[in-house]
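These notes are about the structure you will find just below.
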Amino acid sequence: MSEPIRVGVLGARGRMGAQVCKAVDAAGDLELVAMVDAGDWLFSVADAGAQVLVDFTHPDVVMDNVRFAVDQGMHAVVGTTGFTPDRLDTVRTWLADAPQLGVLIAPNFGIGAVLSMRFAQMAARFYESAEVIELHHPGKVDAPSGTAVHTAQLIAAARAEAGLAPPPDATSQSLDGARGADVDGVRVHAVRLAGMVAHQEILLGTEGETLSIRHDSLNRSSFMPGVLLAVRAIRSRPGLTVGLDPLLDL
Ligand SMILES: NC(=O)c1ccc[n+]([C@@H]2O[C@H](COP(=O)([O-])OP(=O)(O)OC[C@H]3O[C@@H](n4cnc5c(N)ncnc54)[C@H](O)[C@@H]3O)[C@@H](O)[C@H]2O)c1
Ligand SMILES: O=C(O)C1=N[C@H](C(=O)O)CCC1
């Protein structure tokens, strides 16, 4: 039998990190060797010999954490949001100097969420209008969600490729924020509501019909199969992988 993969978790006392620690601990082929949160000694992850670092922390600190993983020769699986195209390019630059290492950054590890984004990307070219509504727990610090931004970018790219005009919208007077954020020309609306976990609805419309694509994460356990899949795969995926799609053969 092969040695278990040694895993360290950053953000270990957070909502996601705590679940990841439990899931790693319960997996026979993985060994949880370090749990680090804000104020803890970061180098304990390296001291413990972690091979894969999992990060669910905060957009303000995640770049430093990825840099740390690369400097210490650890692969990384990152669920923290806030990755702009510039940030992704920076990670690529770091990895160019460490070609044996893999970093996977995914805005959403829920299999259904990944599928819903793909469905929206496929459908986008057939519809005049597209808007995204994301709904999350009120403890979430970023808006719109990383998933919603990524979804809007996929829809916008599909619309551009199909040569679609901007969605029809006669609004000429509105309160600030009423039409949501503009992500590459796609409107994104963020709801924060007690009782919610992570939800998204993609609305597409054209003459005489609408299509709604909805995904609901009802519990953070929904993200764990995707996180564990990435932890198991990352050592054989050098370079930067964005999104879970290639691991699902999508
Ligand atoms: N990709 C996905 O599938 C997915 C799913 C859920 C959440 N997220 C994202 O994960 C991130 C965390 O979400 P959450 O709900 O768990 O947040 P949270 O606030 O519950 O947890 C974050 C934890 O990180 C800790 N932390 C902050 N700075 C740190 C540092 N420098 N080193 C170590 N730990 C540090 C905090 O103390 C906290 O315990 C957010 O960006 C969120 O959007 C992604
Ligand atoms: O709970 C969160 O925070 C989530 N963040 C990710 C995002 O911003 O897309 C994924 C869904 C849950």
Side-chain angles (χ1 to χ4, degrees), residues 8-23 34-46 50 53-69 72 76-84 87 103-117 120 132-154 181 183 188-202 214-231 234 241-245 247-248:
V9 177
L10 295 188
R13 291 193 288 275
R15 284 175 287 257
M16 280 297 287
Q19 286 263 345
V20 172
C21 289
K22 267 202 275 178
M35 296 184 280
V36 169
D37 205 279
D40 297 340
W41 175 239
L42 181 58
F43 283 83
S44 64
V45 185
L53 191 69
V54 179
D55 187 295
F56 282 94
T57 57
H58 190 286
D60 290 350
V61 300
V62 66
M63 285 301 276
D64 288 345
N65 293 341
V66 175
R67 177 82 236 199
F68 168 78
Q72 296 296 319
V77 169
V78 180
T80 306
T81 48
F83 279 89
T84 58
R87 282 187 168 202
V103 173
L104 183 143
I105 297 171
N108 202 308
F109 283 98
I111 311 286
V114 175
L115 288 171
S116 72
M117 286 186 264
V132 178
I133 306 170
E134 56 93 329
L135 310 91
H136 282 83
H137 59 94
K140 184 165 176 57
V141 294
D142 55 321
S145 71
T147 306
V149 171
H150 191 62
T151 306
Q153 289 168 340
L154 292 175
V183 178
V188 179
H189 311 268
V191 175
R192 296 292 173 264
L193 205 67
M196 293 271 177
V197 178
H199 316 257
Q200 178 164 282
E201 190 155 337
I202 301 139
R214 173 146 182 143
H215 177 259
D216 297 276
S217 270
L218 304 171
N219 190 295
R220 290 183 181 81
S221 57
S222 62
F223 302 114
M224 296 307 122
V227 173
L228 297 189
L229 178 67
V231 168
I234 194 60
T241 303
V242 180
L244 204 59
D245 306 49
L247 276 58
L248 300 174

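First listed ligand is number 1; within each ligand, the first listed atom is number 1.
The distance criterion of under 3.5 Å between nitrogen or oxygen atoms is met by G14 with respect to ligand 1. Considering backbone and side-chain atoms alike, H137 places an N or O below 3.5 Å from some N or O of ligand 2. Residue-to-ligand polar distances keep A198 apart from ligand 2: every N/O pair is separated by 3.5 Å or more.
Looking at A106 against ligand 1, only its backbone comes within 4.0 Å, counting heavy atoms. For P107, every heavy-atom contact with ligand 1 shorter than 4.0 Å involves the backbone, none the side chain. For V61, every heavy-atom contact with ligand 1 shorter than 4.0 Å involves the side chain, none the backbone. If you look at F223 next to ligand 1, the close heavy atoms, those under 4.0 Å, all belong to the side chain. Residue contacts with ligand 2, taken as heavy atom pairs separated by less than 4.0 Å, involve P107 solely via the backbone atoms N, CA, C and O. Within the 4.0 Å heavy-atom criterion, neither part of M16 lies near ligand 2.
In the vicinity of S145, heavy-atom distances shorter than 4.0 Å reach the ligand 2 atoms 7 (C), 8 (O), 9 (O). Residue K140 approaches ligand 2 through these ligand atoms, each under 4.0 Å from one of its heavy atoms: 2 (C), 3 (O), 4 (C), 5 (N), 6 (C), 7 (C), 8 (O). Listed by atom number, the atoms of ligand 1 under 4.0 Å from R13 heavy atoms are 39 (O). Remark: ligand 2 atoms within the under-4.0 Å shell around heavy atoms of G146 are 7 (C), 8 (O), 9 (O). Short contacts between ligand 2 and T81, defined as distances under 4.0 Å to a heavy atom of the residue, involve ligand atoms 6 (C), 7 (C), 8 (O). Distances below 4.0 Å separate heavy atoms of N108 from the following atoms of ligand 2: 10 (C), 11 (C).
R15 and R220 get closest at one heavy-atom pair: CD-NH2, 3.3 Å. Closest approach of A148 to E134, counting heavy atoms only: CB-CG, 3.7 Å.
Here atom 32 (N) of ligand 1 lies nearest to A38 when heavy atoms of S145, G110, A38 are compared. The option with the heavy atom closest to atom 13 (O) of ligand 1, from among H137, K140, M35, M16, is M16.
Using a 4.0 Å cutoff on heavy atoms, R220 does not count as a contact of ligand 1. Judged by the shortest distance from any of its heavy atoms, G146 lies outside the 4.0 Å radius around the atoms of ligand 1.
From M117, atom CE reaches atom CD1 of I202 across 8.0 Å, with rounding to the nearest 0.5 Å. Atom CZ of residue F223 and atom CD1 of residue I111 lie 11.0 Å apart, to the nearest 0.5 angstrom.
In terms of protein heavy-atom proximity, atom 22 (C) of ligand 1 is nearest to T57 O, 3.4 Å. In this structure, atom 25 (C) of ligand 1 lies nearest to the protein heavy atom D37 OD1, 3.3 Å. In this structure, atom 3 (O) of ligand 1 lies nearest to the protein heavy atom F109 N, 2.7 Å. Scanning the protein heavy atoms around atom 9 (O) of ligand 2, the nearest turns out to be T147 OG1, 2.5 Å. What sits closest to atom 11 (C) of ligand 2 on the protein, heavy atoms only, is H136 NE2, 3.5 Å. Among protein heavy atoms, the minimum distance from atom 10 (O) of ligand 1 is reached at F56 CD2, 3.4 Å. The closest protein non-hydrogen atom to atom 19 (O) of ligand 1 is R15 NH2, 3.6 Å. Protein heavy atom in closest approach to atom 9 (C) of ligand 1: G79 O, 3.5 Å. Looking at atom 41 (O) of ligand 1, its nearest protein heavy atom turns out to be T81 OG1, 2.8 Å.
Of the possible polar contacts, none joining the R214 side chain to the S116 backbone as a donor-acceptor pair under 3.5 Å is found. A donor-acceptor pair is defined here as one N or O able to donate and one able to accept, closer than 3.5 Å; such a pair exists between the side chain of T80 and the backbone of T57. In this structure, D216 contributes its side chain and L218 its backbone to no donor-acceptor pair below 3.5 Å. D40 contributes a side-chain N or O that, together with a main-chain N or O of D37, makes up a donor-acceptor pair within less than 3.5 Å.
Judged purely by distance below 3.5 Å, without hydrogens or angles, the side chains of Q200 and T151 pair a donor atom with an acceptor atom.
The 12-atom threshold is exceeded at CE of M16, counting heavy atoms of other residues, nucleotides or ligands nearer than 6.0 Å.
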